[in-house]
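Single-structure report; data block below.
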Amino acid sequence: MKQKIVFATNNPHKLEEVSQILGDKIEILSLKDIHCDVDIPETADTLEGNALLKAEYIHKSYGLDVFADDTGFEIEALNNEPGIYSARYAGDGKSAQANMLKVLEKLEGIDNRKAQFRTVIALFMDGKTHLFEGIVKGTVIKEKRGEAGFGYDPIFVPEGYGKTFAELGNDVKNEISHRAIAIKKLNSFLMDN
């Protein structure tokens with residue numbers, strides 16, 4: 001029987017990405033699958049804290065093994081903004097277009113375009129908490145390119161590549177992304193336990 005674990009998200013992009021990375025060894029349940037329609041508050045001031053809040057809420061409320069992630073887009077010249085506010089950088093509407101435009105406007109005239117995506121996953125399993133981190137470094141370009149992916153993908157070129165995450169497509173992104181790195185660490189842990 002396949003191991004079942006809840007991924008504390010309603011984001012279909014993240015669910016698809018994580019399911020592709022984990023493959024068919026583990027059955028991933030979404031918040032929808034467990035009939036949780038609460039918008040779990042992310043009130044911590046770190047990625048680790050927000051991931052823990054989400055995982056803890058599901059574990060306490062449903063008694064299930066669960067993992068949750070929080071991801072930040074951190075831009076060196078902007079003191080690591082948008083960071084924990086990445087999803088709502090341009091306001092609570094969670095518009096990826098508005099968020100990207102705000103980043104591009106803030107970086108106008110700035111030569112240092114270094115940035116990184118950082119994902120932290122918090123796993124609650126067998127009464128213990130485990131954290132996994134994935135980082136991918138790269139550069140913010142000056143205009144959007146590509147149709148795949150989501151969020152800031154059209155303006156981020158990872159180190160060692162000449163294309164944005166949105167141009168590379170999901171197959172490549174799911175091999176090299178911040179979330180892929182963290183999920184692979186989670187997967188190794190789950191396979192060993």
Side-chain angles (χ1 to χ4, degrees), residues 7-18 21 30-31 38-57 67-108 110 112-123 131-159 161 163-168 170 172-174 176-183 185-186:
F7 180 19
T9 188
N10 278 319
N11 183 321
H13 299 292
K14 283 186 182 182
L15 273 169
E16 185 181 333
E17 205 173 285
V18 167
I21 295 165
S30 67
L31 293 178
V38 175
D39 194 12
I40 305 163
E42 296 179 38
T43 53
D45 57 6
T46 63
L47 298 174
E48 292 83 355
N50 281 331
L52 283 165
L53 281 174
K54 291 185 276 189
E56 203 168 65
Y57 177 87
F67 67 93
D69 79 319
D70 199 21
T71 295
F73 187 45
E74 301 171 338
I75 301 168
E76 190 172 276
L78 302 181
N79 296 318
N80 288 330
E81 282 185 16
I84 60 168
Y85 304 106
S86 294
R88 54 194 181 280
Y89 194 45
D92 283 335
K94 292 187 177 181
S95 161
Q97 296 301 322
N99 290 339
M100 279 188 283
L101 285 174
K102 183 171 180 178
V103 163
L104 293 175
E105 284 169 13
K106 282 192 149 197
L107 285 176
E108 211 162 294
I110 296 175
N112 177 2
R113 315 279 294 185
K114 289 181 190 169
Q116 67 181 21
F117 275 109
R118 189 165 70 93
T119 291
V120 176
I121 293 174
L123 169 69
L131 291 173
F132 308 93
E133 182 183 63
I135 294 174
V136 64
K137 294 180 181 296
T139 308
V140 177
I141 58 170
K142 294 183 178 182
E143 73 290 310
K144 297 183 292 182
R145 293 195 327 235
E147 300 300 320
F150 62 100
Y152 297 91
D153 289 356
I155 61 170
F156 180 77
V157 174
E159 277 182 3
Y161 292 81
K163 294 180 176 182
T164 66
F165 266 166
E167 291 173 304
L168 288 170
N170 290 337
V172 175
K173 182 186 170 190
N174 287 349
I176 65 167
S177 79
H178 46 294
R179 190 169 292 107
I181 293 165
I183 288 291
K185 290 177 183 176
L186 168 70

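Computed over heavy atoms, backbone and side chain alike; hydrogens, waters and symmetry mates excluded. We count residues from 1, following the sequence as given. Computed from a predicted structure; not experimentally measured.
N80 contributes no side-chain N or O that, together with a main-chain N or O of G83, makes up a donor-acceptor pair within less than 3.5 Å. Judged purely by atom type and a 3.5 angstrom limit, R179 has no side-chain atom pairing as donor or acceptor with the backbone of T71. With hydrogens and angles ignored, the 3.5 Å screen pairs no side-chain donor or acceptor of D70 with any backbone N or O of A51.
P82 approaches Y89 most closely through the heavy-atom pair CB-CD1, 3.2 Å. Here the closest non-hydrogen pair linking E167 and G146 is CG-CA, 3.6 Å. Minimum interatomic distance between P158 and V136 (heavy atoms only, all atoms of both residues): CB-CG2, 4.1 Å. The minimum heavy-atom distance linking A87 with N99 is given by the pair O-ND2, 3.1 Å. Pairing each heavy atom of V140 with each of A115, the nearest pair is CG2-CB, 3.7 Å. Scanning all heavy atoms of the two residues, the minimum distance from I181 to I135 falls at CD1-O, 3.4 Å.
Looking at E108 and K142, no side-chain N of the basic residue comes within less than 4.0 Å of a carboxylate O on the acidic one, giving no salt bridge.
Distance check, rounded to the nearest 0.5 Å: CG of N10 to CG of L31 gives 4.5 Å. Distance check: F73 CZ to L78 CG gives 9.0 Å after rounding to the nearest 0.5 Å. Taken from CD1 in I84 to CG in D45, the straight-line distance is 6.0 Å, to the nearest 0.5 Å. Considering CD of E159 and OG1 of T139, their distance stands at 7.0 Å, rounded to 0.5 Å. Remark: L107 CG to K102 NZ distance equals 12.0 Å, nearest 0.5 Å. Rounding to the nearest 0.5 angstrom, the gap separating the CG atom in N174 from the CD1 atom in I183 is 10.0 Å.
Applying the side chain to side chain donor-acceptor pair (under 3.5 Å) test to N112 and every residue at least two apart in sequence or in another chain returns E76. Residues meeting the salt bridge (charged side-chain N to carboxylate O under 4.0 Å, His left out) test with E56, sequence neighbours left out: none. Applying the salt bridge (charged side-chain N to carboxylate O under 4.0 Å, His left out) criterion to E48, with sequence neighbours excluded, gives R118. For K185, the salt bridge (charged side-chain N to carboxylate O under 4.0 Å, His left out) criterion is met by no residue, not counting sequence neighbours. Residues passing the side-chain contact (heavy atoms from CB on, under 4.5 Å) test with A68, sequence neighbours excluded: A8, K54, A55.
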Pair up each side-chain donor or acceptor in residues 147-157 with any protein partner under 3.5 Å, not counting sequence neighbours, and list the distances.
from : atom 1 : to   : atom 2 : distance (Å)
Y152 : OH     : S86  : O      : 2.7
D153 : OD2    : F150 : N      : 3.0
D153 : OD2    : K173 : NZ     : 2.7

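L131 is not listed as a side-chain neighbour of I121, based on a closest heavy-atom distance of 4.5 Å or more. Contact of the F165 side chain with the I176 side chain is registered, since non-hydrogen atoms from C-beta on lie closer than 4.5 Å. Side-chain contact between Q97 and K144 is present, with heavy atoms from C-beta onward closer than 4.5 Å.
Sparse packing is recorded around NZ of K137, with 12 or fewer heavy atoms of other residues, nucleotides or ligands lying under 6.0 Å away.
The residue from L52, T119, D69, V120 that alone fulfils the side chain to side chain contact (heavy atoms under 4.5 Å, CB included) condition with L47 is V120.
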- Query: Should E81 and K106 be marked as a side chain to side chain contact (heavy atoms under 4.5 Å, CB included) after you check the CA-CA gap, both sets of side-chain angles, and the distance that decides it?
  - Reply: CA-CA 10 Å; E81 282 185 16; K106 282 192 149 197; 3.0 Å; yes
